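What follows is a short report on a single structure.
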2 protein chains.
Amino acid sequence: MGDPTRTLELLWRESLPVKAQRGPKQALTVTAVVDAAVTLADAEGLDAVTMRALAGKLGIAPMALYTYVPGRAELIDVMLDTLYASMARRKPKARDWRSRLEAVAHDNRALFTAHPWLADVSTTRPPLGPGQLAKYEYELQALEGVGLDDVAQDSALTFVLGFVESSARAASDQRAARLESRMSDGAWWEANAPLLTRMFDAERYPTAFRVGSAAGAAHGAAYDPDHAYAFGLERILDGLAVLIEKPRAASKRPGRRVRK
Amino acid sequence: MGDPTRTLELLWRESLPVKAQRGPKQALTVTAVVDAAVTLADAEGLDAVTMRALAGKLGIAPMALYTYVPGRAELIDVMLDTLYASMARRKPKARDWRSRLEAVAHDNRALFTAHPWLADVSTTRPPLGPGQLAKYEYELQALEGVGLDDVAQDSALTFVLGFVESSARAASDQRAARLESRMSDGAWWEANAPLLTRMFDAERYPTAFRVGSAAGAAHGAAYDPDHAYAFGLERILDGLAVLIEKPRAASKRPGRRVRK
DNA sequence: TCAATCTACGTACGTCGTACGGAGTTGCAC
DNA sequence: GTGCAACTCCGTACGACGTACGTAGATTGA
């Protein structure tokens, strides 16, 4: 990663004053490069976004990319922020915080579904760009006025977003594993059952055997991303409810400000 | 990733019958190779575990590694399972499920702290090895007898482990970013404040400004991994409590079996 | 007009995982 | 006892990758 200031300038390029350009005009724009990179990543995954491949798609020489972007890492940062900027931000309509937060989670999940390569990117790392900032502002609305202090608001949002990212990554890992081994979960199990059943003896691992079998049967696989997401989100919202509706359950109005 | 059966045999190598070996004996063992790889990863990170570097540490030629391990991906799978196998599994002493589950989370977090490169590894993907199986068996104990059905037990454990991994990864990302930019968070902010404060105007992003400032001030950084972990874990346990202690709050004894 | 400054890009370096094939070693079948 | 199959080890080499460096040519402010 190069100079972080350079990355910041890249992220905020639209709102920054254009400085006097002496030489020839650039044939493309940073935005065009980034859009092409996103398209490529959507189609073939993040690994397919090599400087050579991207340059090929754009009809320029590989090294010409470096006039637009300091390097591959920064390119990915900008791709991420661009996606953040593009997320729909409809007015949060739900009156209760729980539905609002659920909508935030679903929107984020949808982003990961639409762009699976996002799971391969660290979303905490990149410097604050316009997309991320707008997203943060918008998503905080879901927690406004519920009685959490500012620090708790930030913690709660980070918590929810972290969960969504984590479950998206798990889903992506599973997809990748399936692709690599070129078989469905069923076929995989069939191929390896002989060895596994020999090892996985119910006497040494009684609980694992019982619970694992039940879970496998219920989901049709060792891991079910959709179920994990649904289950986790419920727990998370329940957990936040305990924090928010502090003055004892049974009340639907927001609690008072809570000190951590 | 190569043949998954090959990986399985590698993982379970200790419990598998040794087949007749025709050629010369191997100078090393798979375990020695894996241990060296873990040591190297601990010291210099996962990226430093290249086949050449590892071979160098072991005093063999790079290509000789492939007699022990089918490839780098499988090596990492075995490293992971080895670490799982090595985790301390003291008898869970706490009588309440909450402390037991908290201990599981802490133990996992400690593993990520001791081996930061784990955050760079997908922990869902690898085939079931002896370490993972033993770990699963052990950790399920924390949820035995609390009144969750088998499927919910699995979901709850997956949920908690996913959270720990996710927060470890966030911590690792932050560490990496700090290393790359070669500055502390304070220095970074100082270097970029001019640009950022110009963009981050309090009028366009009032909530982000207020909440972001408060969180930043409280944690001394934009993101505080320790706080995120503590906050998240509380919420998660509260959320699971809602599921477990179903027949309404105020009761400390476990609820009846819960149907999802 | 001309020097400063910029774009575009060709070449090349150092890195990686690992395919391939050969040389040497061992133990089983006969 | 002998031969050969099966094994270990490893040197070489290939095809990726990101990108440093330097140059040629276009553009424009002074």
Side-chain angles (χ1 to χ4, degrees), chain A residues 1-3 6-7 9-10 13 16-33 36-37 40-41 44-79 117 120-121 176 180, chain B residues 1-3 6-7 9-10 13 18-33 36-37 40-41 44-79 117 120-121 176 180:
Chain A
M1 172 90 65
D3 182 4
R6 175 75 205 277
T7 310
E9 280 169 7
L10 204 60
R13 64 199 179 292
L16 244 33
V18 280
K19 27 182 165 179
Q21 294 287 54
R22 203 76 105 107
K25 292 199 170 63
Q26 295 195 271
L28 272 38
T29 62
V30 173
T31 304
V33 169
L40 185 54
E44 304 179 47
L46 195 59
D47 286 349
V49 183
T50 68
M51 299 306 262
R52 290 170 228 258
L54 180 56
K57 291 270 178 191
L58 288 164
I60 60 176
M63 288 311 290
L65 281 176
Y66 289 86
T67 36
Y68 298 92
V69 148
R72 187 171 183 269
E74 292 82 354
L75 169 66
I76 293 174
D77 286 345
V78 184
M79 289 166 70
W117 52 272
D120 302 332
V121 175
E180 273 174 72
Chain B
M1 173 89 67
D3 183 4
R6 175 77 205 276
T7 310
E9 280 169 8
L10 205 60
R13 64 197 180 286
V18 279
K19 30 181 163 177
Q21 293 287 56
R22 205 79 100 99
K25 293 199 168 64
Q26 295 196 270
L28 272 38
T29 63
V30 173
T31 305
V33 169
L40 185 54
E44 305 179 45
L46 195 60
D47 286 349
V49 183
T50 68
M51 300 307 262
R52 289 170 230 257
L54 180 57
K57 292 270 178 191
L58 288 165
I60 60 176
M63 287 312 290
L65 281 176
Y66 289 87
T67 27
Y68 298 91
V69 148
R72 188 172 183 268
E74 291 82 354
L75 170 65
I76 293 174
D77 286 344
V78 184
M79 291 167 68
W117 53 271
D120 303 334
V121 176
E180 273 175 71

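Labels below follow one simple rule: chain letters A, B, ... track the order of the sequence lines, proteins then strands, and each chain is numbered from 1. Everything quoted here is computed from the prediction, not taken from an experiment.
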Which heavy atom of L10(B) sits nearest a heavy atom of P70(B), and at what distance? CD2-CD, 3.7 Å
Looking at OG1 of T31(A) and CZ of R13(A), how far apart are the two atoms once the value is rounded to the nearest 0.5 Å? 4.0 Å
With a 4.5 Å limit on heavy-atom distance, are the side chains of V121(A) and L46(A) in contact? yes
Heavy-atom closest pair, residues R72(B) and V49(B): NE-O, 2.9 Å
Quick one: R22(B) CZ to dG3(D) P, roughly how many Å, whole number? 16 Å
Ignoring hydrogens and angles, tell me if any N or O in the side chain of Y68(B) forms a donor-acceptor pair with the backbone of V33(B) under 3.5 Å. no
Given protein heavy atoms under 4.0 Å, the one-letter contact record of nucleotides 7-17 of chain C, with B base, S sugar-phosphate only and - none, is simply SBBBB----BB
